[in-house]
Structure formats: structure tokens, C-alpha cells
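Take a look at the structure set out below.
Lettering follows sequence order; numbering is per chain, from 1. Side-chain atoms are counted along with the backbone in the values below, which use heavy atoms only and exclude waters and symmetry mates.
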Amino acid sequence: MADIDLGRLVIRAFDIKSVSWGDEMKVTPQGEMIISKSMLPDLVSSMDTIEAVDIRLIQPDEHDQWTNTILDIIPISTKALGVVGEGITHTLTGVCAMITAVDTEGKQCHEFGSSEGNLKEKIIFDNPGTPHSTDVIISFDVTLKAGMGQERKGPYQAHLLCDRFLQVYREQMKNFDGKLCSARNEFHNISRPGKKRVVIIREVAGQGAMYDMQLFPHEPSGVEGGRSIIDMGNMPILVTPNEYRDGILHSMQ
Amino acid sequence: MGVGPSAKETSLHHFRDPLLDLFSSDEDIDLLGIILFGSSDKYSEKILTSTRAAIWAQGMRADGAVIFCEGSGNNHVDFANACEQLGRRGIAVAGLTVIGKNGQFVVTNDYMNDNIIDVCKSKGSVEPCIIGENNLSNDDCKKALAILKIKMNKAKEARNLS
Amino acid sequence: MGIGPSTKETSMHHFRDPLLDVVSADEDIDLLGIILVGSPDGNADKLLVGTRAAIWAQGMRADGAIISADGWGNSHVDYANTCEQLGKRGIPAAGLAFHGKNGKFVVTNAYLDAIVDICKNKDGIESNVLGENNMNVKDCRKALAMLKLKMRKSDAERGN
């Protein structure tokens, strides 16, 4: 029997060539990204578990520096058309976001083993889950209030703060002219009737604090609008291949 | 809105569910399972949960789905979206719910035409507040199964033509 | 228990997931979807959610499942149970999990015969280095090959 196409997802990648400091928050399809810390004070004051946040731009030749324990590495993507898992996604390559966290007492935000230390020794670069060695890393170094690194709300708000910051860039990326993308990938959910029916089962974090998984966010790999698998009783949820590869889940680990 | 006494399904009703009896005993049918999803309070959650149900049915490679909605009014928002999300995915749908005179659909779409069965039994225009009066009957379920079989055959023919 | 930096799967990992790439690209496979299941704290909950996942897979009439564990130690309790629940339902399962020296199974059963150890660290430990002990394409290909073999065996036993 012939294959059946159950749905299409297009991911357009826009390669970022320079990430620099400036007075405004701006990203262009030609590959220029400007970072400003101007919205950080308002973001910090809106989160009751967060004491302070600093952003560092880590260029590819600057890996020899201290990092607090790493909560997540996040692709910067947005929906240009449709919802997560279908339609068109715009994503940035050459750059990614990183969240690190420690509390005011100096306690690293971790569950079982933490990765603070010299960045170049604490990441295996060029793995699927880690930055390319040529990427610019936008590092969100969060200082949580005392003890908040071990409560669910602390790491959640660290992720949410980063998400809201990135949303400013996502809004600009939605309007990028698709013709200017540096790469275009098309993915199909294919049903192959008569072939072996296989399901992937992924056991994911569900025990609390940073050991959590956010599902169904509004934006790919986002936080806002999503819900925690803990709040859903850790019950199994099915997602399609395209939903998964578009970023319908966000690691809170 | 919501569920009145006449449409309320008791635990005993679930224990003796006529829909399950019929569908599980029909030898033309491979009954994959029963998907339960809650009808939320919030609109955005209604859309989310009913869409997830349809996505799961597609992952199960279901040829058809019979969908039952307890109650009417705002519960029909989820119901209508589930019908639409299933239909858009090429899954044949038959639906069962209370319509009667006071339960007219608050929303509707292209996937709810000749495939929805009204399980209302009461004659008046108001919720009669009698336990069990507007519950699913065996006849309702048989109608739904017949409609679903026709829809599945049509879908199969359409696939073979394309 | 739980998860350390070297086995942590970042949002970026899910975006570029090698397991999904390998399985969805295989033309002998009809990939029905990805079931995400949390790893809860309490033992009763662990058994419940893993069993629900296996029941879903059976409802989907899956011929096979590939299961990945998140972390190790107490997470392996869910993992071992889910493999068993799949196996008992006649669904062959292959898996990917971190073992090394640290992460031997804390529980075991008859259905854990096709698990790929994704440990990359030379000393077999949780090294606290982000990404070091993540699954790679080779691990995923191995797991898929093991699954295909198990599915073939199960066909033979059923007389197909």
C-alpha cells in the first residue's frame, strides 16, 4: 500500500552571523542580532523567586570561562504560520540560548550532579543537545533567591524569564521574508500502511523542581502557554513526529 | 450548559455502557480502545484537549471514531472541535450527544452534518431533571455504528480513488 | 537517582533528536508517534504511568516500541516496568538507557534483553559534563536494529 502523508512542517533556518551588544533588541533575516539588557529589570521584578539576572554573550573563542550549572540549551524558534507541529517555523542557527542558575547562598540549581565550572570542560560541544562549537551562546545567568533552586517555582521562573526575553526576537522573526532563509527543511508525518507499526516511548522528567517537562507551549521550544507533565499526573501523552521535532516540549530538567 | 440530571451518566451507566457493548461485539470492527478526555472550563483547554484526542486517534491509525459528549451547551465546544480535528485528519466520525430543543449546537463546522445523533428522549424544551431520561440507548448506539460504517466505507473509496 | 548533567536532554536535544530522525526515516517502519511519559516520584505512580503507556501502545496496535529512559537509578524502576508491561502484551521493546558503572539496573526482569547503554564516559560515570552521555545516531541505529530483530522473532513465534 502507498504511503500516506499525514502532515507537513517547514522549518526555515536563518543563519546568524553576528551577535553584539546594543541599545535595542533586534534581529534581522540577514543575520545580525543585537542584544540589550534593557528589559531585564522589569522581568526580574515580575518573578518572585528571582533575585537578579545577567546576560553574557559567549563568542565561539570565549569558552574558557566560568559557568554556573547549566539548566538548558534552547533553540530560538517561532511559528511564522500555523501551530507547533505544522505550518512554518522560523529558527535561528549560529546562536542558541543557555540558562544557568545559582541561588544567593551560592547553591547551584541542580538535582543530581551539577555542571558548574569552566565552560569548555563542562559541555561536549556539537552533540544534538549542545551548542555547535561555532555558535554564539546567549547565556542567561540567573540568581535565585535563597533555597529557590530546589523548589519547582525557581527553575520554572528562570525558564519563563528567558522565554519572555526571547519572545521579543521571536515577534520580529515571524515577519522574516522566507526567501531570505539560509536553509529550508521540510518534514512529513508519513504513515506507511503494512509496515511495522512502531512507537517511540520517552520517559521524561517528572519529579519536581528542575526535574520537569513543559508540554504544549505556544512557541516552539517555548515555555509560555505550556503545562507541566507533573501537573498532568505524569500520564502518557502522544505527540506526532513533527510536533516533537518542531519543539512541542521544553526541558525543565 | 453542562450536564443536567437527565443526561448525567452514572458510574453504573459506565459499568454497563451500551456503546462499548455494541462496538466491542461487532466483528467488522477492531476496537482500539476508549479515549477519555475531560471537558474543561476554559476555552483554550477545551480546544487543546479535544485536539490532543484527535492527534492520538491519528497516531493509532484509526479508520473511524465514534464520539460521545456528555451534556450540552459549552461541552459542545470541545465536541465540535473534536469532530473537526478528526475529520480534518481523514478519520470518519459519528457523534452522539444531547441536542433536543434546549441543546442546539453553540458552535458547528463542516464535519458535523449528517453524522450526529441526538440522544434526547424528553419531549419538552427544558431539562426534565429526571435521572437517566436522556441517556444513550442501544438504538442510539446502533445508529451511530451504522453511520460510522457508511462514513468509513466512503473514506476508503475516496482513498482508493486518489 | 534522577538525572545528572551528562545524561540531561536539553530542549536543543529534543529539537535535533537523533532517535526520532533514525526511526522516522526508516522506510520499513510506520512510526505511529512519540509517547511522552513522566517519571514520577512515588513508586505506585511510576508503575501506573508506565503501565498506561504500554496500554496505549497496545491500543495503537504497535508491533514494537523503542523506549528511552530519562536518567537512571530510580528512573529505571519506571523503565523496567514499562518494558515488562510492553513485553507481557506481546509488544517487542528495545531501549536506550544510561548504565556505565554508576547506573546498573536497580530492578530487572525478563524483558530487558535489548537495551543499548548510551554511556560514553570512559570511566562509565556521571561526569557532570553537559551532553557527554547523551544518545547519538549510532546508539539509535543499534536500538532500532535490535527492535527489528525482536519483531522478526516475535513474528516467527506467531507463525507469520
Going by distance alone, is a donor N or O of one side chain under 3.5 Å from an acceptor N or O of the other, for [X] and [Y]?
{"X": "His13(C)", "Y": "Ser251(A)", "value": "no"}
{"X": "Ser11(C)", "Y": "Asp72(A)", "value": "yes"}
{"X": "Tyr244(A)", "Y": "Ser24(C)", "value": "no"}

*Taking only residues two or more places apart in sequence, or in another chain, which ones meet Phe187(A) in a ring-ring contact (aromatic ring centres under 6.0 Å, His included)?*
none
Contact summary for [X] and [Y], nearest pair of heavy atoms:
{"X": "Val49(C)", "Y": "Gly233(A)", "result": "CG1-O, 3.5 Å"}
{"X": "Lys122(A)", "Y": "Asn128(C)", "result": "CD-O, 3.6 Å"}
{"X": "Met60(C)", "Y": "Arg197(A)", "result": "O-NH2, 2.6 Å"}
{"X": "Ile200(A)", "Y": "Leu20(C)", "result": "CD1-CA, 4.1 Å"}
{"X": "Tyr211(A)", "Y": "Ser39(C)", "result": "CE2-O, 4.1 Å"}

For chain A, find which of [options] contributes the most heavy-atom pairs closer than 4.5 angstrom.
{"options": "Asp26(C), Val137(C), Thr82(C)", "answer": "Asp26(C)"}
{"options": "Ile29(C), Val23(C), Ile67(C), Ile91(C)", "answer": "Ile29(C)"}
{"options": "Ala62(C), Pro18(C), Ala53(C), Pro40(C)", "answer": "Pro40(C)"}
{"options": "Asp17(C), Leu86(C), Leu96(C), Asn134(C)", "answer": "Asp17(C)"}
{"options": "Gly131(C), Ala54(C), Gly50(C), Ser68(C)", "answer": "Ser68(C)"}
{"options": "Glu126(C), Lys120(C), Met135(C), Glu27(C)", "answer": "Glu27(C)"}

*Evaluate whether atom CD of Glu186(A) has more than 12 neighbouring non-hydrogen atoms of other residues, nucleotides or ligands under 6.0 angstrom away.*
yes
*Do other residues, nucleotides or ligands put more than 12 heavy atoms under 6.0 Å from the CZ atom of Arg52(C)?*
no
Side chain, backbone, both or neither: which part of [X] has an atom under 4.5 Å from a heavy atom of chain A?
{"X": "Asp78(C)", "value": "both"}
{"X": "Asp45(C)", "value": "neither"}
{"X": "Ile55(C)", "value": "neither"}

*Does a side-chain heavy-atom distance below 4.5 Å link Met12(C) with Pro131(A)?*
no
*Would you call Gln207(A) and Lys46(C) a side-chain contact if the rule is heavy atoms closer than 4.5 Å?*
yes
*Dump the intermediate steps for side chain to side chain contact (heavy atoms under 4.5 Å, CB included) on Ile34(C) and Ile201(A), then the final yes or no.*
CA-CA 6 Å; Ile34(C) 301 100; Ile201(A) 302 180; over 6 Å; no
_Stepwise side chain to side chain contact (heavy atoms under 4.5 Å, CB included) check, His14(C) with Met213(A)_ = CA-CA 11 Å; His14(C) 295 302; Met213(A) 174 67 78; 3.7 Å; yes
*Ser191(A), part contacting chain C, at a heavy-atom distance under 4.5 Å*: both
_Portion of Asn242(A) that has a non-hydrogen atom of chain C nearer than 4.5 angstrom_ = neither
*asked:* With a 3.5 Å distance limit and no angle check, can you tell me whether Arg16(C) reaches the backbone of Thr130(A) through a side-chain donor-acceptor pair?
replied: yes
*asked:* Which residue in the set Leu238(A), Asn234(A), Leu215(A) passes side-chain contact (heavy atoms from CB on, under 4.5 Å) when paired with Leu36(C)?
replied: Leu215(A)
For chain C, which of [options] has the most heavy-atom pairs under 4.5 Å?
{"options": "Val199(A), Thr91(A), Ile190(A), Asp3(A)", "result": "Val199(A)"}
{"options": "Gly117(A), Gly247(A), Gly194(A), Ser114(A)", "result": "Ser114(A)"}
{"options": "Asn127(A), Thr240(A), Asn189(A)", "result": "Asn127(A)"}
{"options": "Glu121(A), Glu243(A), Lys195(A), Arg202(A)", "result": "Arg202(A)"}
{"options": "Gly113(A), Pro128(A), Cys96(A)", "result": "Pro128(A)"}
{"options": "Val198(A), Ile123(A), Thr69(A)", "result": "Val198(A)"}

*Decide, yes or no, whether a salt bridge links Asp155(C) with Lys196(A) under the criterion of side-chain N to carboxylate O below 4.0 Å.*
yes
I need the [X] [atom1] to [Y] [atom2] distance, nearest 0.5 Å.
{"X": "Ile76(A)", "Y": "Phe15(C)", "atom1": "CD1", "atom2": "CZ", "result": "11.0 Å"}
{"X": "Glu9(C)", "Y": "Leu249(A)", "atom1": "CD", "atom2": "CG", "result": "9.5 Å"}
{"X": "His250(A)", "Y": "Thr10(C)", "atom1": "NE2", "atom2": "OG1", "result": "9.5 Å"}

*Going by residue number, which parts of residues 138-149 of chain C are within reach of chain A, meaning a heavy-atom gap below 4.5 Å?*
Leu147(C)
